[in-house]
Protein chains: 2
Amino acid sequence: MDLNSFKEKVMPSFEKEMLAYIGKDLTKKEKLHEAMSYSLAAGGKRIRPLLLLATIQTLGGNVKKGYAASAALEFIHTYSLIHDDLPAMDDDDLRRGKPTSHIVYGEDIAILAGDALLTQAFEIVAASEIQLEKKLKLILALAKAAGPEGMILGQMADIQGEGKNLNLEELQLIHRNKTGELLKFPIYAACVISDAIPEVAEQLVKYAEHIGLAYQIRDDILDVIGDVEEIGKNIGMDEAHNKSTYPGLLTLVGAKKALDQELAAAKENLMAVEYISKDSTKPIKINLLEEIIDLLVID
Amino acid sequence: MDLNSFKEKVMPSFEKEMLAYIGKDLTKKEKLHEAMSYSLAAGGKRIRPLLLLATIQTLGGNVKKGYAASAALEFIHTYSLIHDDLPAMDDDDLRRGKPTSHIVYGEDIAILAGDALLTQAFEIVAASEIQLEKKLKLILALAKAAGPEGMILGQMADIQGEGKNLNLEELQLIHRNKTGELLKFPIYAACVISDAIPEVAEQLVKYAEHIGLAYQIRDDILDVIGDVEEIGKNIGMDEAHNKSTYPGLLTLVGAKKALDQELAAAKENLMAVEYISKDSTKPIKINLLEEIIDLLVID
């Protein structure tokens, strides 16, 4: 199965299940759940759920067993965007081509909707139908990835780095935390859910790290050369916020080269997975995860 | 053992363990963890941890087994105060007699510190040393109590009720969610941790519900008759925010009567616990939880 067939087969049913977690009758003018749904449904590429579910498929596991963790992850990703967009933070009024939460619902409800999505994420995993041990591993990993030693540490370093000239190492440290941890979690979660052997899990997590950095480099590049319609948010915001970026540090050509290097490294990890499993009863086919690499290429 | 002896014996070691979860070297000018610690250490009566630990003691359990859940609960309570105090929410500059988080650290860091406390709360429970089944029960109950069908729903209803004349039923619905759920959780958690029999757990959870309402009625009364030094925050804020309150709905005398009624009902639940356990090998002594009722009395 190629990535497009997989997406067509899996993502609509995942999407439906994810939105159903909100569970309120949204016709009742109940603003909290409406605001949660608004940001959750506002599109986005669902790259994190796709990574999780495609990795389960790759490992020969039951893809549906990954829906809850994927939904929780997307809840957390969405909360982080709502809070990031607040006036006191990045002050963005456009996200994925739509007005941001605080523009539509006001700052107070945007703050609460973010808090609610974050909290419910843990409820979703805790209530999911996988083994107890696995649930606890996922809850622990998700809290670490999203918490003050993970994503929030990265957001904090990002804020404190504004207006400063960061070097490449400092910039990578921010990104490894700010976006990297939540891109690594889906691969880790898939390995837990599908009982991947440690050697395979190790390579897949490295793959996730390279994908994570590539994703951020690509984001920085698109902020310079992309257009609003394609990427669904205002461009040139990094420069406006005086943020250190890969193109700023490495030039645009250098940033594109760094992107290619991360993607090549990710591919090597997949080759290793293929090699490790080649003599097993079920050799692992890496094509889905290879195609995800291709999604991140900038021509 | 009376409540004061229990507090002296237990609370300082709990306090130390709770603050140790932040775990960073705070001399390094690392603002995120500093902000988390600041609000966490800013005092407060630790009524929720006290309820949890005193209930474990009452049930004859191991009090130390309740430290992690108590810390998680106080993390969540603290996050909710930080976000509640934000300019876009209640806009309070004073909390527990000290400047609020956004006054000291700025709004952006206050938002992140709140997010971080909330996220880490789940990590603390997931990493704690109790049985897997119990951990999952606690995580699920905590997420529900703090989430969009619990505390946040109450905060939302509170915001939407501002400037409206709520009736008593609407007011109680707000409080049952906004503060009640997080006051019920510690009792529930203690029952889970200490394997309380269902009949006892049922009475204790009802006790918690009455304590929760009493706590809120008391808070409303103190907002009218208290003084800043004693309660550590500005008074008259409810009226300033045009909020419906018990004294507003019932008069001050009526509110005091309602408070007494809740406390009397809580006491009856404790009597029931005593009665249920009177013939068992280990009759339950209710004096600690009785003394907590006394703490809430307004003369």
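With 3.5 Å as the limit, one finds no donor-acceptor pair spanning the side chains of B:His102 and B:Asp85. No donor-acceptor contact under 3.5 angstrom links the side chains of A:Tyr21 and A:Glu123, judged on distance only. Residues B:His175 and B:Glu170 have side chains that never bring a donor and an acceptor to within less than 3.5 angstrom of each other.
For chain A, the option among B:Ile139, B:Leu118, B:Ile159 with the highest count of heavy-atom pairs below 4.5 Å is B:Leu118. Of the listed residues B:Leu142, B:Ile76, B:Ile111, B:Asp108, the one with more heavy-atom pairs under 4.5 angstrom with chain A than any other is B:Asp108. Note on A:Gly114, A:Ala116, A:Ala110, A:Gly106: by heavy-atom pairs under 4.5 Å with chain B, the leading option is A:Ala116.
Closest of all the heavy-atom pairs between A:Thr119 and A:Asp115 is OG1-O, 2.7 Å.
Heavy atoms closer than 4.5 Å to chain B are found nowhere in A:Met151, neither backbone nor side chain. With a 4.5 angstrom heavy-atom cutoff, B:Lys135 touches chain A only via side-chain atoms.
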- Take B:Glu209 and B:Lys184 through the test salt bridge (charged side-chain N to carboxylate O under 4.0 Å, His left out) and record every step on the way to the result. CA-CA 6 Å; B:Glu209 286 169 355; B:Lys184 211 161 80 177; 3.2 Å; yes
